[in-house]
There are 2 protein chains.
Amino acid sequence: MPSISGKTIGRLCVYRRQLQRLRDEGKSNVYSHQLAALTGGSAAQVRRDLMAIGYRGTPYHGYRIDELSGSIASFLDDPDGQEVALVGLGNLGRAILAYFDGWRPHLTITAAFDVDPGKVDRVIHGCKCYAIAKLESITRRRKIAVGVICVPAREAQTVAEKLAGGGVKAIVNFAPRRLHLPDDIYVEDIDVTTALEKAAFFALEHKRQPDSKAK
Amino acid sequence: MPSISGKTIGRLCVYRRQLQRLRDEGKSNVYSHQLAALTGGSAAQVRRDLMAIGYRGTPYHGYRIDELSGSIASFLDDPDGQEVALVGLGNLGRAILAYFDGWRPHLTITAAFDVDPGKVDRVIHGCKCYAIAKLESITRRRKIAVGVICVPAREAQTVAEKLAGGGVKAIVNFAPRRLHLPDDIYVEDIDVTTALEKAAFFALEHKRQPDSKAK
DNA sequence: TCACATTTGTGATTTTTGTCACATAGTTAT
DNA sequence: ATAACTATGTGACAAAAATCACAAATGTGA
Ligand SMILES: NC(=O)c1ccc[n+]([C@@H]2O[C@H](COP(=O)([O-])OP(=O)(O)OC[C@H]3O[C@@H](n4cnc5c(N)ncnc54)[C@H](O)[C@@H]3O)[C@@H](O)[C@H]2O)c1
Ligand SMILES: NC(=O)c1ccc[n+]([C@@H]2O[C@H](COP(=O)([O-])OP(=O)(O)OC[C@H]3O[C@@H](n4cnc5c(N)ncnc54)[C@H](O)[C@@H]3O)[C@@H](O)[C@H]2O)c1
């Protein structure tokens, strides 16, 4: 079975976003090399990725934006929609809640959890905050399969286990800790600190060798 | 010249963070397989990465935590320290500012920029906010080489060009837009939306095939 | 109609990344 | 000593990802 790579999935998300933008601009067709320029890849890469989901363009006309968009959507999205649980309403958690508030209807953060009694039972950015103790029962009852972890690093593992216990199958983890979970649970780490340190390193390289053209 | 891969750089940052934690726990030595378990890689991977920076452990004792930590630091860090400029003090920008406030001294966010007159000239989370018009002159004068973009997507390209114009050499970009910049400027994208959509996809896979053991 | 330009789809190839496996070296126990 | 362990460093290998390059398809224009 020709399973599809995680990198391709990521790029498909990016393609789709750019397609939406092109459609808003009134375009109806797009070439692989245009999509490549917009997303920072190569034309061949784009074609390979689209091949993976079975959508076929037509030579000379490229891809029909609406069709391709729909093709990606039917590949990536749950037609019933998906709910997301977010744990930890600190600075980051609230920023994310605000950002995704009113987001596309098929993927919505519909439950938040925190230990802080000052946040529990309030509605924040359109999302009800529950006590952490209710996490497992609520995710299980509502069949929530996606979680976001925005709690301090020390709490991350515990929270991850609760999410897993509540039937969550995929987690976006902002805490700088490797989560130890059953193999069948997908974890996408977002490590802001590492990203910054990495950038700092490349800036430093630049200072160490003021000439090189390396990317 | 045996240039070092970006992936290795990223992992070195992660190793270092875990080393610090181990040291705080009073440990003085660590084995490659322990570091691997802590960071989610393999022991061989860890050894390869450390080989890349030239640090050598000793069989049976593994690596000395303080030495290795220092080795990584001297490889990654600017001994003079590095300043970072953050642009866009919205929800996300402020969360990041709060998070890195009082961070390790060698990498500090020391200047923030925004268009909003309500934020300009105030000090937020220990960081002075300047008018966006002053970006290029301030980064240039203070030789700031690292920037973080937290402005709305539509403004990201313009801001990126200003950063580049001010001599910034590496950028962490939170806006969901591919930045078009000279090749010698490093860009690290952090795409939260894609991360969430990707996680949602894998959760969905789970629902589509309730059996598979795939990671 | 036919030469020519443009773009897709994909086999072949290259480049990058990660893993294996084992010689080497340090440690312990007898 | 020396046998038995344990862990590193690294050449050889395997897997994954990206790129190349070209046949096939589509449109253009004389
Ligand atoms: N803020 C950032 O920009 C940023 C950047 C990088 C990483 N992170 C990571 O994201 C996480 C959150 O960061 P933050 O700045 O929002 O922290 P924060 O301290 O502002 O917020 C943490 C929130 O989690 C809640 N919490 C604590 N323990 C909990 C538990 N067991 N169950 C449920 N809720 C709990 C707290 O009540 C608080 O609301 C941290 O792991 C941090 O390392 C944040
Ligand atoms: N908040 C999140 O969790 C989140 C998640 C994913 C991506 N993002 C991305 O991060 C960026 C910021 O998100 P946010 O939620 O903080 O948005 P926000 O609207 O809360 O903040 C944007 C800030 O940028 C400032 N700004 C606007 N134009 C500017 C300019 N030209 N120069 C300087 N400052 C300018 C605004 O005054 C405002 O303070 C966006 O691109 C968003 O797509 C945010």
Side-chain angles (χ1 to χ4, degrees), chain A residues 1-15 19 22 27-65 67-69 71-72 75 178 183 189 194 198 202 214-215, chain B residues 1-15 19 22 27-65 67-68 71-72 75 178 183 186 189 194 198 202 214-215:
Chain A
M1 131 187 3
S3 185
I4 209 161
S5 110
K7 298 228 169 154
T8 294
I9 300 299
R11 283 188 300 259
L12 286 171
C13 297
V14 176
Y15 298 154
L19 288 173
L22 288 170
K27 305 270 172 49
S28 72
N29 290 81
V30 68
Y31 300 128
S32 59
H33 67 264
Q34 297 177 314
L35 217 35
L38 240 35
T39 59
S42 71
Q45 175 99 80
V46 170
R47 295 201 295 271
R48 271 249 185 276
D49 288 336
L50 299 190
M51 204 169 67
I53 60 166
Y55 181 78
R56 321 214 24 151
T58 55
Y60 208 82
H61 281 145
Y63 306 93
R64 294 220 41 167
I65 288 177
E67 278 180 13
L68 176 52
S69 231
S71 241
I72 296 179
F75 183 79
R178 172 66 39 168
D183 279 1
D189 285 299
T194 293
K198 222 170 138 182
F202 285 107
K215 201 246 149 115
Chain B
M1 137 186 0
S3 186
I4 209 161
S5 110
K7 299 227 171 158
T8 294
I9 301 298
R11 283 188 300 257
L12 286 171
C13 297
V14 175
Y15 298 154
L19 288 172
L22 289 170
K27 305 271 170 51
S28 72
N29 291 83
V30 68
Y31 301 127
S32 59
H33 68 266
Q34 296 177 314
L35 217 35
L38 241 34
T39 60
S42 71
Q45 175 100 78
V46 170
R47 294 202 296 271
R48 271 253 185 270
D49 289 335
L50 299 190
M51 206 169 66
I53 62 165
Y55 181 77
R56 323 221 14 160
T58 55
Y60 207 81
H61 281 147
Y63 306 94
R64 294 222 36 167
I65 288 176
E67 280 180 13
L68 176 52
S71 241
I72 295 178
F75 183 80
R178 172 67 36 169
D183 280 0
Y186 178 83
D189 286 300
T194 293
K198 222 170 137 181
F202 285 107
K215 201 246 150 109

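Computed from a predicted model, the values in this text were never measured in an experiment.
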CD1 of A:I4 to CZ of A:F75: how many Å apart, nearest 0.5 Å? 3.5 Å
Whole-Å distance separating the NZ atom of B:K7 from the P atom of D:dA16: 13 Å
Who pairs with A:K27 by side chain to side chain donor-acceptor pair (under 3.5 Å), at least two apart in sequence or on another chain? A:E25
The contact string for nucleotides 5-10 of chain D, one letter per nucleotide 5' to 3', using protein heavy atoms under 4.0 Å with B, S and - for base, sugar-phosphate only and none, comes out as -BBBBB
How far does CG of B:N29 sit from NE2 of B:H61, to the nearest 0.5 angstrom? 6.5 Å
Please give me the minimum heavy-atom distance between A:K198 and B:C13, naming the atom from each residue. N-SG, 4.3 Å
So side-chain hydrogen bond (donor to acceptor under 3.5 Å, both in side chains) across residues 34-52 of chain A, not counting sequence neighbours, yields A:T8-A:D49, A:R11-A:D49, A:Y15-A:D49, A:S32-A:R47
Set of ring pair (Phe, Tyr, Trp, His ring centres under 6.0 Å) partners for B:H33, sequence neighbours left out: B:Y31
Report the distance from atom CD1 of A:I9 to atom P of D:dA17, rounded to the nearest whole Å. 12 Å
From CG (B:L12) to CG (B:L19), nearest 0.5 Å: 10.0 Å
Just jot down the side chain to side chain donor-acceptor pair (under 3.5 Å) partners of B:D189, sequence neighbours excluded, or say none. B:N173
Using the side-chain hydrogen bond (donor to acceptor under 3.5 Å, both in side chains) rule, collect all pairs that involve residues 50-60 of chain B, keeping only residues at least two apart or in two chains. B:Y55-B:E67
So what stems show up for DNA chain D if we need 3 or more Watson-Crick or G-U pairs in a row, all under 3.5 Å? C:1-30 with D:1-30
With sequence neighbours left out, write down each residue that passes side chain to side chain contact (heavy atoms under 4.5 Å, CB included) with B:L38, or none if nothing qualifies. B:Q18, B:L22
Taking 5' to 3' order, which nucleotide of DNA chain C is first and which is last to have an atom within less than 4.0 Å of a heavy atom in chain B? C:dT17 to C:dT28
